[in-house]
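One structure below.
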Amino acid sequence: MVAMLGPFGVALYLVMRPRETLDEAYERALGEEALLREIEEAEYCPTCRHRVKADYQICPNCHTELRTTCSNCHRLREFHWDVCPYCGEP
Ligand SMILES: [Zn+2]
Ligand SMILES: [Zn+2]
């Protein structure tokens, strides 16, 4: 483009470049954020380190119980919670 348009092309390039760079940086930041979020959300079985999803109740690999269900509302709850956050059942 610069070779075809000469000085005008150079000027155009200089005007356009910062915005492109910002867009690229923005896109990269978004990508990194998504990646970080994915890493944060990833959970691993405490027994076999198999990757499990946040709503898994049992590890599909070694059958370790990862969570239990509330006896009152039957929602998944973590072992270390001493109260159900959904219905208040101790
Ligand atoms: Zn496991
Ligand atoms: Zn509950």
Side-chain angles (χ1 to χ4, degrees):
M1 188 178 84
V2 173
M4 262 163 47
L5 298 175
F8 178 68
V10 173
L12 199 65
Y13 175 72
L14 288 176
V15 167
M16 286 172 68
R17 192 179 56 175
R19 206 179 60 212
E20 280 178 0
T21 308
L22 274 180
D23 281 350
E24 279 169 17
Y26 182 64
E27 269 175 32
R28 198 172 56 240
L30 276 186
E32 278 171 8
E33 201 177 289
L35 199 71
L36 276 176
R37 207 179 305 132
E38 204 172 286
I39 291 168
E40 265 174 26
E41 278 177 6
E43 289 192 32
Y44 296 90
C45 169
T47 307
C48 68
R49 309 308 294 165
H50 188 82
R51 192 165 168 176
V52 294
K53 288 193 178 170
D55 56 352
Y56 281 9
Q57 195 172 348
I58 289 171
C59 171
N61 192 47
C62 70
H63 302 176
T64 295
E65 259 195 286
L66 304 168
R67 280 174 193 80
T68 183
T69 46
C70 174
S71 57
N72 186 45
C73 69
H74 302 288
R75 296 223 208 194
L76 285 177
R77 56 189 272 186
E78 308 274 346
F79 280 121
H80 59 87
W81 292 347
D82 50 13
V83 65
C84 172
Y86 299 109
C87 70
E89 177 84 358

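When a ligand or atom number is given, it counts from 1 through the structure's own listing order.
- The Zn ion (ligand 1) lies at 2.8 Å or more from every N, O or S atom belonging to His63.
- Contact annotation: Cys70 places an N, O or S atom under 2.8 Å from the Zn ion (ligand 2).
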Working for side chain to side chain contact (heavy atoms under 4.5 Å, CB included), residues Cys73 and Glu89: CA-CA 8 Å; Cys73 69; Glu89 177 84 358; over 6 Å; no
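- The angle that Cys59 SG and Cys48 SG make at the Zn ion (ligand 1), rounded to 10°, works out to 110°.
- Taking both residues in full, the closest heavy atoms of Gln57 and Thr69 are given as NE2-CG2, 3.4 Å, listed atom of the first, atom of the second, then distance.
- With a 6.0 Å radius and a threshold of 12 heavy atoms from other residues, nucleotides or ligands, Phe79 has its CZ atom above the threshold.
- Looking at every heavy atom in both residues, Arg67 comes nearest to Ala54 through CZ-O, 3.0 Å.
- Centred on the Zn ion (ligand 2), the angle running from Cys73 (SG) to Cys87 (SG) is recorded as 120°, rounding to 10°.
- At a cut-off of 2.8 Å, Cys45 coordinates the Zn ion (ligand 1) through an N, O or S atom.
- Distance check, rounded to the nearest 0.5 Å: CG of Leu66 to CD1 of Ile58 gives 8.0 Å.
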